[in-house]
Amino acid sequence: MTAAGSEPGRPSYDAGSFRDPSSRVWRVGDRILRGLDDSAAAAYETTSTSRFFREAIADRRIVKTVTVDEPSPDERDWAVVLEHERIPVVTYPHEWSFSMLQDAALLTLRLVRAAIDEGITTKDATAYNVQFIGARPVFIDVPSFEPYLEGEAWWGYRQFCQLFLYPLMFTAYKDLPHQPWLRGSVDGITPEHARRVLEGRRSGHKGYFSHVWLHAKADRRVTDASADTIDEMKKAGYTRALYIATIDRLIALVEGLEWQRSESTWGDYSTRGHYQSKDLILKGDFVRTIAARRRRSEVWDIGANDGMFSRIAATHADVVLAMDTDDLVVDRLYRELRTDGTEGIVPMVMNFADPTPGIGWNGTERPPLTSRSGPDLVLALAVVHHLALTHNVPIAAILDRFSALDAEIVLEVPTEHDPMVAKLKRHKRAGTHDAYTLGAIESRIDERFDVAERMVLPGGTRMLFHLCPRRSPSPARR
Amino acid sequence: MINAYLDPASGSAIISAVAAGTAGVGVAARTMRAKLRLKKRSAEVTEGAGAGGDETVEPTQ
């Protein structure tokens, strides 16, 4: 949330809001402000008085927005300043599951469809225009709406394909996770790359011919400026009816995309067959007791799986980020939360051993998770052995990472005698993980944290810790 | 390298018409035909300029 060159102490423009020069976002404390220049202000005037916009604000499909009287953070004299409702935690499309991306795509399309009936279009259609409050997608880029000029095609079509449609097709048609592709490029997947991935014997998939194959061909053949093309399309008979037909057909296409996969590495974890029932009850009680001590603004549940402990923490927190590396279990959790109407938990596809980096311009346009989120409580339940034994991260490095979060940690450590630890070590070279012992882990914990509580689960092979940030360095580490 | 200077939204705009269905295919086809005509004409002008001698061409940076 900082911009290079800003004066110390003054708010600065959000590093991700530069692409549309007619509008910039900045933050004052917890307030999210946005300046509009004359042209954007005129467009906002038209949009904000339209029925679709007022209805979408009322049912929270568009972020709550009001006009305020606030100074600009720099020399720019904004015609209008807007204040938006703050999104509790910003997440990105490369951190969403299939259904999250699909719901964000449908929200975008349905807003575009409702807007065109009142002569309004969107100038773009990036997936970054949508955020999640719990399991509810919200459109946040209000200046994206502008008056429609008769005969214009939808300017957002290409971005929609690159950042919504192709990633969804990859998962629906090829069972390929979209997250690595969107994490790899802030602009998404090009038509040509989509064609290369989706072509083949089964390339008769719905939408492939026009949105992918023909789109890739057109990319190579049409070689002049888009303004000329729009004029030529008008002359050729392009009308608003065709614009509407495009959006309607895209809605039908996206609604029809399904992810067929039903099994994954962690898909059956909910049964938790490796836990004795008493262990599981006591583990839940341990988390509940700590979570209930005071209200937290933000909780991370690392390795959340079905969200059992996220739900416990959510009753005592403003927001819980339920992270898991398995996109299928995140998708299931999202769909459950969507059905429940739970708003305090945001599901997220995240591998803590390989967390989201900063992407886009300067690596700050879409910053890493730790730059946009700060937990005051972290649940790291049954993850430390995966980080240490599967990903070979040294125990000291794992604990240093947790310590750097400057949050309370609820840590579950399966000991070297735990059957799941034995299972993970079975395929490792002998001796590689001999240092993975409860004694060694405890001594590293004691070097870094104040241990408020520790408890051995009745099964005898797992231990729970409540760790608090150490405010002064321990003598052993000085 | 040439493609780096082109606006990819042009092709996308035409394809969005195709995505609208049968009526849109006609619009896209007419637009493409118009573009091909323009391209052909522009190629002829370039060839003509080349045949007329280099002195008529402004040097570019």
Side-chain angles (χ1 to χ4, degrees), chain A residues 112 121 123-125 151-162 165 187 190-192 206-253, chain B:
Chain A
V112 171
T121 183
K123 63 177 90 164
D124 60 5
E152 271 191 350
W154 182 35
W155 285 107
Y157 175 72
R158 184 184 181 84
Q159 266 188 334
F160 184 85
C161 288
Q162 295 198 168
L165 185 61
D187 294 322
T190 64
E192 177 59 20
K206 202 173 174 194
Y208 173 79
F209 176 71
S210 61
H211 297 296
V212 182
W213 187 84
L214 215 52
H215 204 163
K217 287 271 177 203
D219 251 13
R220 277 179 280 163
R221 299 208 175 210
V222 179
T223 56
D224 59 1
S226 46
D228 298 339
T229 301
I230 295 298
D231 284 344
E232 281 154 17
M233 286 178 73
K234 280 184 198 170
K235 280 184 214 157
Y238 191 88
T239 60
R240 190 191 295 211
L242 289 177
Y243 178 116
I244 290 172
T246 302
I247 304 301
D248 283 343
R249 291 167 76 104
L250 277 171
I251 290 173
L253 175 61
Chain B
M1 278 307 289
I2 289 169
N3 282 327
Y5 293 97
L6 304 171
D7 183 354
S10 292
S12 301
I14 297 171
I15 297 307
S16 76
V18 176
T22 318
V25 173
V27 170
R30 285 193 289 277
T31 309
M32 286 301 280
R33 265 204 304 274
K35 285 196 165 296
L36 287 174
R37 272 200 302 272
L38 275 172
K39 201 171 174 184
K40 201 174 162 193
R41 211 173 298 153
S42 138
E44 284 167 3
V45 168
T46 310
E47 276 172 28
D54 285 346
E55 68 276 14
T56 58
V57 180
E58 291 287 322
T60 53
Q61 293 293 312

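To find a chain, count down the sequence lines: A is the first, B the second, and so on, and within it residues start at 1.
Qualifying side chain to side chain contact (heavy atoms under 4.5 Å, CB included) partners for A:Lys235, counting only residues two or more places apart in sequence or in other chains: none. Judged as a side-chain hydrogen bond (donor to acceptor under 3.5 Å, both in side chains), and not counting sequence neighbours, the contacts of A:Gln162 are A:Arg158.
When every heavy atom of B:Ser12 is checked against every heavy atom of A:His215, the shortest pair comes out as OG-NE2, 2.7 Å. Of all non-hydrogen atoms in A:Thr229 and B:Ile14, the two that sit nearest each other are CG2-CG1, 3.7 Å. The minimum heavy-atom distance linking B:Ile15 with A:Tyr157 is given by the pair CG2-OH, 3.7 Å. Taking every heavy atom of both residues into account, B:Ala20 and A:Leu242 meet most closely at CB-O, 3.3 Å.
Between the side chain of A:Thr246 and the main chain of B:Ser16, a donor-acceptor pair closer than 3.5 Å is present.
Contact count against chain B (heavy-atom pairs under 4.5 Å) is highest for A:Ala236 among A:Gly207, A:Ala153, A:Ala236, A:Ala245.
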